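What follows is a short report on a single structure.
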Amino acid sequence: MTMLVWVGVAVLGGVGALGRWILDGLVSARWGREFPLGTLAVNLTGAFTLGLLVGAGVQGHVLLLVGVAALGSYTTFSTWMFESHRLGEDGERRLAAANLAVSLAAGLLTALAGWLIGEAW
Amino acid sequence: MNADCLKLTIYFGERDRAEGRFLADAMLDRYERHGLATSVLLRGIEGFGAKHRLKTQRLLTLSEDLPMVSVAVDTRQRIDQLLPEVTALMGDGLITLERATLVAGELDEIAPPEELAEATKLTVYLGRNERTDGQPTFLAVVDLLHRHGVAGATVLLGVDGTAHGVRERARFFGGNAKVPLMIISVGAGETIAHTLPELGALLERPLVTLERIRVCKRDGRRLADPHPLPTGDLGGLGIWHKLMIYAGEEAEHHGHPLYLQLIRRLREAGAAGATSLRGIWGYHGDHPPHGDRLLALRRKVPVLTVVVDRPDRIHRWYEIVDQLTDETGLVTSELVPAFRATGPDLLEGGLHLSNP
């Protein structure tokens, strides 16, 4: 069983990373001119899904596999920080601040929304 | 010195492939095999091409496929031999040929050709870690150019290339001392000529090119309009036009970075392509040489933006450039005698040199 969980974490981690790469790439190529919308999109959808899982009372191995492995590699803190720093480097202070504030506020709200929906289910 | 040389410039994408590997590698292997006197492979920071797909290093996911520019200079004969191989390798992208004077060896006795009297672009090719009197040679060269009143200079770091026919490629581990970098400078022909003897003394094995250009703007001031060029020569061969915009990375227009605005506006207006390259050191106009400082958020390095298109279209792009560089920036105009753009359902131009 433990071995299976290890393999599951590795595989779902890979799936999460692929999902992020695809969604971020699509959104960035289409709308990501000034603002890192691709990263925002993966972080918000990830926060929503994790809220949904926890709200629905998912526990144990499933939470580990989906919450930690898949969503852990799907969402990204480092890219959020990196792209905010890049905006600062470009002198786009407002956009940098907006990227930090919007991700934080909208992230909390989408996680909460996911949690409420999960709980009501 | 050889006044009959050609500069081959190729604009493509970092992830473009040929022969089952990266196009950049395949291309530089050809340059090595032909023993090119000088070539430098540069990675851009922002740009677009015929497909109008934006490439940028600002977003992590998009920064795995940045614009690449390779510049190679050698005799007309050697470049002519190389060309069929290069065009066979190319997928989507742009190839241009320009006439240049290549000086390898002694710089002391060079009198620049008369045609260089108007304004001249001097490009110096040297190793990344070449040193003179204990300091990096590129710093000494930029200081020299600045001291002599040359209008601007930008140091661009290569990631691969050849020098005097020998391949020098950057590796992740290693000193990379000989990997080529290029210093592009622009100034009055006479001023540039005065710098040459001292420049020769700074360089171990001098390798420089001289090209004829026009300075259109300096520090936001209009000096001359771009050359009025016909779209073809008497023999019916196409003539093309190149604008280069030199500004600091910190330069802004209405509160936004200048180079980003340039790329954005040109892309929206439908230009054939544009590429921004970030230098590591340099200056333009009346500013002292500058580069990054420790612990500063804003970068202070020079950024160089290139646009090549048909002369009738360049006039439209120049209006955009002129608007955006109302306060700062050095803008130059050059004639490009051969241009070949390929893209999806697109083949424009050819590689026979026109004679304007």
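Source: prediction; values computed, not measured. Every heavy atom of this structure was used, including side-chain atoms; hydrogens, water molecules and symmetry mates were not. So you know, we letter chains A, B, ... as the sequences are listed, proteins then strands, and number each from 1.
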Test log, rule side-chain contact (heavy atoms from CB on, under 4.5 Å), inputs Glu92(A) and His256(B): CA-CA 7 Å; Glu92(A) 300 279 17; His256(B) 297 288; 3.0 Å; yes

Check against side-chain contact (heavy atoms from CB on, under 4.5 Å), Glu249(B) and Asp90(A): CA-CA 8 Å; Glu249(B) 175 146 356; Asp90(A) 283 341; 3.7 Å; yes

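Along residues 275-282 of chain B, no residue comes nearer than 4.5 angstrom to chain A, judged on non-hydrogen atoms. Residues of residues 258-272 of chain B lying under 4.5 angstrom from chain A, judged on non-hydrogen atoms, are Tyr259(B), Leu260(B), Arg264(B), Arg267(B) by number.
Interatomic distance, CD of Glu34(A) versus CZ of Arg58(B), reported as 6.0 Å (0.5 Å rounding). Here CG of Leu59(B) is found 10.5 Å from CZ of Phe35(A). Values are rounded to the nearest 0.5 Å.
Counting heavy-atom neighbours within 6.0 Å of Trp115(A) CH2, excluding the residue itself, gives a total of 12 or less. Taking a 6.0 Å sphere around CD of Gln323(B), one finds it holds more than 12 heavy atoms contributed by other residues, nucleotides or ligands. Within 6.0 Å of the CZ atom in Arg94(A), the count of heavy atoms belonging to other residues, nucleotides or ligands does not exceed 12. In the displayed structure, Arg17(B) atom CZ is contacted under 6.0 Å by more than 12 heavy atoms of other residues, nucleotides or ligands.
Of the two parts of Arg299(B), the backbone and the side chain both hold a non-hydrogen atom closer than 4.5 Å to a non-hydrogen atom of chain A. The part of Arg20(A) that comes within reach of chain B is its side chain, from C-beta onward, which places non-hydrogen atoms under 4.5 angstrom from that chain.
Here the side chain of Arg86(A) pairs a donor or acceptor atom with the backbone of Gln57(B) at under 3.5 angstrom.
Checked against Thr61(B) for a side-chain hydrogen bond (donor to acceptor under 3.5 Å, both in side chains), the options Thr79(A), Asp24(A), Thr76(A), Thr39(A) give a single hit: Asp24(A).
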